[in-house]
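Residue numbers begin at 1 in each chain, while the letters A, B, ... track the order of the sequences.
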Amino acid sequence: MPELPEVETIARFLREGGREQESILRAQISDAGLTWRRTLAAPEDPAALERLAGQRVREIGRRGKFLLLGLDRDTLLFHLRMSGDLVVGRAGEAPGPHDRFFIDFTDGRRLTFTDPRKFGRVWLTAEPQEVLAPLGPEPFGPDFTPGWLYQALHSRRRQLKPLLLDQSFISGLGNIYSDEALHRAGLHPLRASDRVTPEEAGKLWEAIRETLSSGIATQGASIDWVYRGGDFQNHFRVYQRTGEPCPSCGTAIQRIVVGQRGTHFCPSCQPWKE
DNA sequence: CACGAGACCTGTTCGC
DNA sequence: TGCGAACAGGTCTCGT
């Protein structure tokens with residue numbers, strides 16, 4: 001599930017609350033539990049989770065695809081990878097089969113990290129910047145400008161699709177939103193980054209922001225069993241629409257594999273160029 | 001530096 | 001109906 005809009009949606013839900021659910025801001029941790037060892041990326045020793053007890057949630061944020069819980073002395077970072085999710089429930093209940101990590105609060109609630117495929121990771125650290133350091137600019141941050149994008153595209157020679165997926169280039173895009181953004185920009189996914197013109201870079205800049213904005217506005221995409229609530233899957237232009245007509249021109253959407261990822265595009269709106 | 005393959009995992013859907 | 005193959009929102013590591 002989790003690309004920038006889905007993680008942002010979850011962060012807002014935890015911060016602002018939702019149906020029947022109050023914010024976990026200021027909730028105080030009483031206990032923590034780990035039911036799948038490898039889910040904890042740091043620290044090495046799970047016994048160190050004991051230091052969570054007593055700390056309160058002071059801040060809830062997102063950086064790229066990381067969800068951050070700022071505590072009194074530490075930060076908890078969550079990366080949901082392919083199938084992770086964060087849900088609020090009652091403390092004391094038996095963990096479900098896919099629950100990997102949880103923190104209990106003194107008010108009787110529990111925040112559970114659930115993740116069927118076990119790819120997700122949690123970091124507990126006083127230095128979150130060390131985990132986040134490799135990330136490229138935030139798509140809605142001040143560093144991400146059309147001019148920056150143009151020069152960054154030209155500082156390397158990569159195919160556009162894998163480059164957009166590279167979190168050290170730009171943070172937050174995943175397979176859905178990169179396909180959607182390239183379609184909006186009218187750029188072929190295999191186009192060489194250093195061949196893009198300033199005008200095309202400007203289009204791509206705008207397409208990335210518009211695509212992510214509509215994803216956030218619809219509370220992310222829910223596909224299969226993995227995610228709940230969002231509606232962006234009903235607004236896909238190309239993603240998982242192989243053979244269906246392009247919403248702009250009617251041409252059949254094509255699927256190719258790029259960097260081992262399914263890639264969807266309109267051969268007419270996104271023509272191949274050297 | 002760029003790229004492809006394999007690894008890490010489980011669950012669902014597809015094709016015969 | 002059954003069963004193996006293919007596929008899935010991500011990222012890391014290794015070899016070329």
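To the nearest angstrom, P of C:dT11 lies 15 Å from CZ of A:F169. In this entry the distance linking CG of A:N175 with P of C:dG9 reads 4 Å, nearest Å. Rounded to a whole Å, the CG atom of A:D85 is 16 Å from the P atom of B:dG11. Regarding A:R241, its CZ atom lies at a distance of 18 Å from the C1' atom of C:dG9, rounded to whole Å. Atom CZ in A:F66 sits roughly 13 Å away from atom P in C:dG10 (whole-Å rounding). Rounded to an integer number of Å, the gap from A:R81 CZ to B:dC8 P is 14 Å. As rounded to whole Å, 13 Å separates atom C1' of B:dA7 from atom CE of A:M82. Separating the CZ atom of A:R117 from the P atom of C:dG10 is a distance of 10 Å, rounded to the nearest angstrom.
In this structure, A:H98 does not reach the B:dC9 phosphate: none of its side-chain N or O atoms is under 4.0 Å from OP1 or OP2. For the pair A:H79 and C:dT11, the criterion of a side-chain N or O lying under 4.0 Å from OP1 or OP2 is met. A sub-4.0 Å separation between OP1 or OP2 of C:dG10 and a side-chain N or O of A:R261 is present. The phosphate of B:dC8 has neither OP1 nor OP2 within less than 4.0 Å of any side-chain N or O from A:K118. At least one side-chain nitrogen or oxygen of A:R38 sits closer than 4.0 Å to the OP1 or OP2 atom of B:dC9. A sub-4.0 Å separation between OP1 or OP2 of C:dG9 and a side-chain N or O of A:K65 is absent.
For the P atoms, the distance from B:dG6 to C:dA5 is 16 Å, rounded to whole Å. Of the C1' atoms belonging to B:dT12 and C:dT11, the separation is 22 Å, rounded to the nearest Å. Nucleotides C:dG2 and B:dC9 have their P atoms positioned 31 Å apart, rounded to a whole Å. C:dC12 sits 24 Å from B:dG11 when the P atoms are compared, rounded to a whole Å.
Ring pair A:H79/A:F66 is perpendicular by interplanar angle, where above 60° counts as perpendicular and below 30° as parallel. Classification of the A:F78-A:F113 ring pair by plane angle, with boundaries at 30° and 60°, yields tilted.
Residues A:L164 and A:S178 approach most closely at CB-CB, 4.0 Å, considering heavy atoms. Counting all heavy atoms, side chain and backbone alike, A:R156 lies closest to A:S168 at NH2-O, 4.2 Å.
Contact annotation for A:R255: backbone-only contact, meaning every heavy-atom pair under 4.0 Å involves sugar-phosphate atoms and none involves a base. Across all strands shown, A:Y239 has heavy atoms under 4.0 Å from sugar-phosphate atoms exclusively, and none from any base.
Legend: residues meeting side-chain contact (heavy atoms from CB on, under 4.5 Å) with A:E16, ordered by chain and number and at least two apart, are A:R12. For the side-chain contact (heavy atoms from CB on, under 4.5 Å) test, residues two or more places apart in sequence or in another chain that qualify with A:Q21 are A:F13, A:V88, A:R109. In this structure, the side-chain contact (heavy atoms from CB on, under 4.5 Å) partners of A:S23, at least two apart in sequence or on a different chain, are A:L25.
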| note | Contact string for nucleotides 1-6 of chain B, one letter per nucleotide 5' to 3', B = base within protein heavy-atom range under 4.0 Å, S = sugar-phosphate only, - = neither, reads -SS-BB
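Atom CD of A:Q151 has more than 12 neighbouring heavy atoms from other residues, nucleotides or ligands inside a 6.0 Å radius.
Relative to the six-membered ring of A:F236, A:R241 misses at least one condition, a distance below 6.0 Å or an angle of at most 45° to the axis.
Using a 5.5 Å limit on the distance between ring centres and a 30° limit on the angle between planes, the aromatic ring of A:F119 counts as stacked on the six-membered base ring of B:dC8.
A:W36 and A:F102 have their aromatic ring centers separated by at least 6.0 angstrom.
Side-chain atoms of A:H154 come within 3.5 Å of backbone N or O of A:D194 as a donor-acceptor pair.
Remark: DNA chain B forms stems of 3 or more consecutive Watson-Crick or G-U wobble pairs, all pair distances under 3.5 Å, at B:2-8 with C:10-16, B:10-16 with C:2-8.
The side chain to side chain contact (heavy atoms under 4.5 Å, CB included) with A:L69 is formed by just one residue from the set A:I103, A:V122, A:L124; it is A:I103.
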| said: Evaluate A:R184 against A:E210 for salt bridge (Lys or Arg N to Asp or Glu O under 4.0 Å), listing each step before the verdict. | reply: CA-CA 9 Å; A:R184 254 189 212 254; A:E210 287 177 351; 3.0 Å; yes
What N/O pairs connect the protein and nucleotides 14-16 of chain C at under 3.5 Å? Give each pair on its own line.
none

